[in-house]
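Order of listing sets the numbers, starting from 1, for every ligand and every atom in it.
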Amino acid sequence: MAVELTKDIYWVGAIDWQLRSFHGFATPRGGTYNAYLLIDEKVTLIDSTKPEFGDELLQRISEIIDPSKIDYIVCNHAEIDHSGSIPTIMKAAPNAKIITSTKGKVILERHHKQNWEYEIVRTNDEFSIGSRTLHFATIPMVHWPDSMVTYVVEDKILFSNDTFGQQIASWERFSDELSFDVIMEENQRYYANIVMPFANPVKNALKLVNGFECDMIAPAHGVIFRNPEHINQILESYRKWSNHESEERAVIVYDTMWESTAKMAKSIQRACELLNIPYTIHNLTTDNLTLVTHEMMVSKYVFIGSPVLNNGLMPQVAAFLHYMRGFSPKNKVGMAFGSYGWSAQSAKLIEATFEKLCWTILPSIEIDYFPDETELLALTETVIKNLQTDHKQFAHVNPSECELI
Ligand code: FEO
């Protein structure tokens, strides 16, 4: 069913309950493609859905108005999850005009190969649809070069498209109807896997967005924010993430061949416990690397381990490093570890990524064949000492008092 946000403004999008992978990242809670209908002198649809949800979109619009009465379709972003059902809408409303950015038009033409009528808008352009004014701001690279947001001046609603989105399939439409912790977890996961490489464009976008007084932020994915506290929190989170601020947390990521590297990971885990650093630990054979990327984004300390395999790394570790590097995470402390047989090589391969990302690098530790208890204890002690060298907050722990788990 369509859901009213405020008088004559409706959510008419689609819920993708089966979605488990979006854009390559894991979406255990499903997803949504939000579209919004504004009933005014000129009936306006903001964004659409993936192509396969076109009929669902049309049906929700029909609950409110005959779709042939749509005058404008605002396309904030031409990626196919938001423009995929525009052809369905255009068939139902052949006289509708598409409002988009210059680059949005280029991408829509490439995607859909149609001779639609366009109105091109730029930052600070305003457009009256009757009793309401649409104010546009382009936010290139959040997420694509064409991305823009639409602000309804009279209702103080920001339609932010991908920005502030989360992939959640839920009956509830507003952030105050669901657990805010779950929403923020999905928000972080979305930022980590989609938005993270575009930190500087996000900062520019936030300058524009902060200029709008928002009673509601309605993204194109996930729930709508109308609670002022939630609006402030989501804006603050984006500020923090775009400044590469992470938490005093650790993430230990590894793969293992004969459990030696797994044992080393446990020794590092012990060091984190003694230093009172909250951590998560992930074997990449069992844990989805896109979910681990989220933990990496929020953690200051990143430990990555692999045994040597054929003069290289275990494939899942290599994949994680490759994926992570694409996001350019900054301001982190990295440490490589791993076991080897006849030639220690994994640390330098892992550290090559740390160097590219300009991270602080703690001395790596590699152990040949199988680590014994003394070596594992020494590893815990060394990690503690290395963290204490540059991080005075850990000075209270005596490394020689470590015990194996
Ligand atoms: Fe939700 Fe960049 O598409």
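- Here salt bridge (charged side-chain N to carboxylate O under 4.0 Å, His left out) pairs that include residues 297-313, with residues two or more places apart or in two chains, are Glu248-Lys300.
- Lys97 and Asp71 are not joined by a salt bridge, as no carboxylate oxygen comes within less than 4.0 angstrom of a charged side-chain nitrogen.
- When distances from atom 2 (Fe) of ligand 1 to the N, O or S atoms of Glu79 are compared, OE1 comes out shortest.
- Shortest distance from atom 1 (Fe) of ligand 1 to Asp162 is reached at OD1 (N/O/S atoms only).
- For the pair NE2 of His82 and NE2 of His221, the angle whose vertex sits at atom 1 (Fe) of ligand 1 is 90° to 10 degrees.
- Between the side chain of Ser101 and the main chain of Gly104, a donor-acceptor pair closer than 3.5 Å is present.
- A salt bridge links Glu185 with Arg189: the distance from a Lys NZ or Arg NE/NH1/NH2 to an Asp or Glu carboxylate oxygen falls below 4.0 Å.
- Look at Glu41 and Arg132 and you find no salt bridge, because none of the NZ, NE, NH1 or NH2 atoms lies under 4.0 Å from a carboxylate O.
- Lys105 forms a cation-pi arrangement with Tyr118, by the criterion of a distance under 6.0 Å to the ring centre and an angle within 45° of the ring axis.
- Note on His143: counted as a metal contact of atom 2 (Fe) of ligand 1, an N/O/S atom lying under 2.8 Å.
- Under 2.8 Å from atom 1 (Fe) of ligand 1 lies no N/O/S atom of His23, from backbone or side chain alike.
- Under 2.8 Å from atom 2 (Fe) of ligand 1 lies an N/O/S atom of His77, whether from backbone or side chain.
- Because the distance cut-off is set at 2.8 Å, Asp81 fails to qualify as a neighbour of atom 2 (Fe) of ligand 1, as none of its N, O or S atoms comes that close.
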